[in-house]
Amino acid sequence: MSLVPLHTNHARRFEDNRFVYPVLSRRSGGISVGVNLNPDKVCNFDCIYCQVDRTTTSETRFVEMGQLLAELEDTLELVTSGRIFEHEKFRDTPAELRRLNDIAFSGDGEPTTYKNFDEIIAACADLKRRQRLGGVKMVLITNASMFHRPHVARGLEILDQNNGEIWAKLEAGTEEYFKLIDRTTIPFRQILDNITAAARVRPLVIQALFMRVNGQPPGQEELQAFCDRLSEIRAAGGKLSLVQVYTVARKPTESYVAPLDDAEVDAIVRLVEQRTGIPAKAYYGASQP
Ligand code: SF4
């Protein structure tokens with residue numbers, strides 16, 4: 001899953017970094033340090049709106065843990081010391097945004113498909129502790145497809161112990177629409193079961209991206225079904241703290257995909273809140289990252 005909104009195409013390289021990339025996030029009010037666990041750009045979904053450019057191949061194919069941790073250490077130091085704001089890309093950062101907000105596991109694919117997911121989460125959490133950054137959040141941006149794998153479940157527990165937040169993507173109410181948007185062989189039921197099980201252990205944030213497909217916004221029936229799925233997760237004991245409603249903000253994979261208008265995003269936010277009682281927030285197509 002790429003970084004907000006799910007898959008915003010921030011340049012992944014900072015200076016010579018291969019795995020760690022700082023991003024100014026106006027939305028979160030500070031610098032988010034992204035960690036890319038999918039440098040090969042492989043994903044187990046093939047979302048029609050994905051903003052990862054897969055027309056070119058990446059030079060970096062595998063995660064090198066030592067290199068990744070070195071880059072993370074340097075980047076955190078660069079942000080906390082304020083030296084990053086001497087860099088031309090960050091020079092114009094307003095004073096109130098000159099702070100480290102989070103470390104985000106996102107990138108050019110689904111981070112939980114990385115085979116040493118639990119190990120890397122533990123190592124990053126250790127590093128954060130050593131740098132006395134206990135208050136800094138660790139955010140996992142995920143499609144929830146692998147939560148049932150033991151090493152991923154362990155990684156989620158490590159996040160829980162280290163000021164973690166899980167942002168899980170769910171943007172359909174029916175199997176048919178899920179397959180149309182996310183184009184994966186993984187059954188919709190598996191995703192719903194994974195989100196439900198994870199949300200029983202800790203509150204999750206849901207990331208939902210809605211769009212026009214061939215000019216058509218999602219139908220009312222689909223949106224009602226989406227709300228029904230959210231309600232079912234809660235009825236099964238799942239805690240959902242927020243639903244982030246997005247639309248397409250940057251060039252999508254498929255040319256037949258286009259953003260919703262702000263008013264359409266607002267209408268989905270209202271529907272979610274009215275139907276489910278879960279707080280929801282709008283992120284518009286042209287909004288800042
Ligand atoms: S989950 Fe979808 S949007 Fe995220 S990286 Fe994979 S294909 Fe792209």
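Keep in mind that this is a model prediction, so the values were computed, not measured. As the structure lists them, so they are numbered: ligands from 1, and atoms in each ligand from 1. These numbers come from the heavy atoms of this one structure, side chains and all, not from hydrogens, waters or symmetry mates.
Less than 4.0 angstrom separates some heavy atom of Asn143 from each of these atoms of ligand 1: 1 (S). Of all atoms in ligand 1, numbered sequentially from 1 with element shown, those under 4.0 Å from a heavy atom of Phe45 are 1 (S), 2 (Fe), 7 (S).
Listed for the Arg200 side chain is no donor-acceptor partner under 3.5 Å among the backbone atoms of Gly237. For the pair Asn38 (side chain) and Asp108 (backbone), a donor-acceptor distance under 3.5 Å is absent.
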Kindly determine whether Gln161 and Glu157 satisfy side chain to side chain donor-acceptor pair (under 3.5 Å), including the steps that lead there. CA-CA 6 Å; Gln161 293 150 14; Glu157 282 167 20; 5.2 Å; no
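Here Cys43 does not reach atom 2 (Fe) of ligand 1: none of its N/O/S atoms is less than 2.8 Å from the metal.
The ring pair (Phe, Tyr, Trp, His ring centres under 6.0 Å) test with Phe210 is passed by exactly one of Tyr284, Tyr283, Phe226: Phe226.
Contacts of Arg54 with ligand 1, taken as heavy-atom pairs under 4.0 Å, involve the side chain alone.
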